[in-house]
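Okay, structure first, notes after.
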Amino acid sequence: MKKRISLLLALAFVAACVGCGSKGGSSEVGSAASGSTVEGSSQAGSTTEGSSAAGSTAEDGSAAESVEESSSAGSMEASGAETASAQDVMTYEEYMAADLDSQVTVETYVQAKQSWWEDKATVYSQDENGAYFLYNMACSEEDYEKLAPGTKIRVTGYKSEWSGEIEITDATFEIVDGNYIAEAKDVTEYLGQDELNDFQNQFVAFKGLVVEAAGKGDDGQDVAFLYNWDGSGQDGDDLYFNVSNEKGDTFTFTVESYLCDNTTDVYAAVKELNIGDKIDLEGFMYWYEGPNPHITSVTPAE
């Protein structure tokens, strides 16, 4: 709309100058309408739509046409960086070896969508070699709907760390050909060991764990789960519960409410847990000051 108004004003200005004329009987008019507006959405994020007619010249009463250029906010051009290509893509090993705060480009597959807010998406993704947590990636609401599990995307952003969690931030993306769904990797044996960090952000499984008391309820009795880590929340907030392995070591797991809200099966299953239940679990190996798995499935142990 702003560009259309600018064009009409430019044409009106030219017409006025032609009407006035000059001593030589001709007029030369130079017009510039550089600037940009953000409108609409594209395949890989919101679309930056800009127009530029700077330096164009209208002679003999004619005005140069304005030029429209649009670029995807899901592309590197929208973020001010060069467009990423297949040649820029890192292997998982190269990504892990990269310095923190350095720019990285990876190709990965959506496994689960955690949240979307104000044209930013948080996504769990993975390939055959490792996993990537994409935090607040530029993404329109329309394109968020396209990120079905298995969708392959090329992502460029910055390798970051927050409380031990390795993630990609300030990222843009584009959808590319390919599809992959990861199977849950059983990492039960690594609970309590440093090697568990090697599976950070991957889709993982835990087998045969026993539910322990998570804390005290309002009546002072032990309870199997808490709303929020300290029990300060209510239905709809994150769920925290404790489980132990065969060695008797206890670990805290979470149902992250953005990822799995209170309408999901896993949220309901955790609310039905009893201390002493033996269960199998699946989820994403998130990290916060140590392992903090975000659980997506809870079933009775076989």
Side-chain angles (χ1 to χ4, degrees), residues 41-46 72-81 83-86 88-182 185 197-204 254 256-260 283-288 292-294 296:
S41 62
S42 71
Q43 180 174 344
S46 59
S72 168
S75 70
M76 303 312 105
E77 186 176 352
S79 66
T83 302
S85 66
D88 301 315
V89 175
M90 296 175 162
T91 65
Y92 180 72
E93 290 74 17
E94 290 171 336
Y95 164 75
M96 291 303 297
D99 293 335
L100 289 175
D101 300 321
S102 64
Q103 189 176 68
V104 294
T105 297
V106 300
E107 286 185 351
T108 182
Y109 301 82
V110 174
Q111 301 300 305
K113 299 187 293 186
Q114 178 167 298
S115 63
W116 178 88
W117 181 253
E118 293 184 343
D119 287 337
K120 293 181 180 179
T122 296
V123 174
Y124 287 94
S125 70
Q126 187 169 339
D127 61 23
E128 294 85 348
N129 299 307
Y132 311 87
F133 187 64
L134 313 175
Y135 180 73
N136 275 357
M137 177 174 63
C139 180
S140 70
E141 187 172 15
E142 178 183 0
D143 290 325
Y144 187 66
E145 297 302 317
K146 299 175 184 177
L147 297 180
T151 302
K152 187 176 183 180
I153 53 177
R154 183 179 298 148
V155 179
T156 292
Y158 293 87
K159 183 181 177 182
S160 304
E161 179 180 359
W162 185 72
S163 296
E165 168 68 17
I166 303 300
E167 56 195 16
I168 299 178
T169 58
D170 296 326
T172 56
F173 77 97
E174 59 179 313
I175 296 174
V176 294
D177 290 338
N179 194 277
Y180 171 74
I181 297 290
K185 170 72 174 178
N197 196 19
D198 295 338
F199 303 95
Q200 190 172 135
N201 297 318
Q202 291 187 32
F203 187 49
V204 297
T254 304
E256 215 281 340
S257 58
Y258 287 132
L259 179 63
C260 297
F284 294 97
M285 194 61 254
Y286 187 75
W287 214 261
Y288 176 74
N292 179 214
H294 286 178
T296 61

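The basis for the numbers below is simple: all heavy atoms, side chains too, and nothing from hydrogens, waters or symmetry mates.
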Counting only heavy atoms not in Y135, do more than 12 sit closer than 6.0 Å to its OH atom? no

A98 versus V104, closest heavy-atom pair with distance: CB-CG1, 4.1 Å

Please work out whether the ring planes of Y132 and Y92 are parallel, tilted or perpendicular, with thresholds of 30° and 60°. perpendicular

Separation between CZ (R154) and OG1 (T172), nearest 0.5 Å, reads 11.0 Å

Residues V123, C139; criterion side chain to side chain contact (heavy atoms under 4.5 Å, CB included); working and verdict: CA-CA 11 Å; V123 174; C139 180; over 6 Å; no

Which heavy atom of G157 sits nearest a heavy atom of I168, and at what distance? CA-CG2, 3.9 Å

Tell me if a side-chain donor or acceptor on W116 pairs with a main-chain N or O of E145 at a distance below 3.5 Å. no

Do D127 and Y109 pass the side chain to side chain contact (heavy atoms under 4.5 Å, CB included) test, and can you show the C-alpha distance, the side-chain angles, and the key distance before you say yes or no? CA-CA 6 Å; D127 61 23; Y109 301 82; 4.1 Å; yes

Would you say T122's side chain and N136's backbone share a donor-acceptor pair under 3.5 angstrom? yes

Looking only at heavy atoms, the pair that brings L259 and H294 closest together is CD2-CB, 4.1 Å

Shortest non-hydrogen contact from S125 toward T108: OG-OG1, 3.0 Å

With distance as the sole test, does Q111 use its side chain to make a donor-acceptor pair with the main-chain N or O of Y180 at under 3.5 Å? yes

Could you work out, with side-chain hydrogen bond (donor to acceptor under 3.5 Å, both in side chains) as the rule, every residue matching N201, not counting sequence neighbours? E165

Backbone of I166 reached by a side-chain donor or acceptor of Q200 within 3.5 Å: yes

Does some side-chain heavy atom of D88 sit less than 4.5 Å from a side-chain heavy atom of T156? no

Got a sec, which residues hit ring-ring contact (aromatic ring centres under 6.0 Å, His included) with W162, two or more places apart in sequence or on another chain? Y288

Closest non-hydrogen atom pair between N292 and T254, with its separation: ND2-OG1, 2.8 Å

Interatomic distance, OG1@T105 vs CE@M90, rounded to 0.5 Å, equals 6.5 Å

Does any N or O in the side chain of K113 come within less than 3.5 Å of the main-chain N or O of Y144, such that one atom is a donor and the other an acceptor? yes

Let me confirm one number: the CD-OG distance from E256 to S115, rounded to the nearest 0.5 Å. 7.5 Å

Return the orientation label for the F133 and Y286 ring planes: parallel under 30°, perpendicular over 60°, tilted otherwise. perpendicular

Check for a donor-acceptor pair, side chain of Q126 on one end and backbone N or O of F203 on the other, with a separation under 3.5 Å. yes

Rounded to the nearest 0.5 Å, what separates atom CD in E161 from atom CD in E167? 9.0 Å

Reported OG1-to-CE distance for the pair T91 and M96, which is rounded to 0.5 angstrom: 11.0 Å

Which value, rounded to the nearest 0.5 Å, describes the distance between D198 atom CG and M285 atom CE? 11.5 Å

Is a side-chain donor or acceptor of K159 paired with a backbone partner of Y95 at a separation under 3.5 angstrom? yes

Compare every heavy atom of T151 with every heavy atom of K146, then report the nearest pair and how far apart it is. O-OG1, 3.6 Å

Sorted by chain and number, sequence neighbours left out, side-chain hydrogen bond (donor to acceptor under 3.5 Å, both in side chains) with S257 holds for D238

Backbone of D119 reached by a side-chain donor or acceptor of S140 within 3.5 Å: no

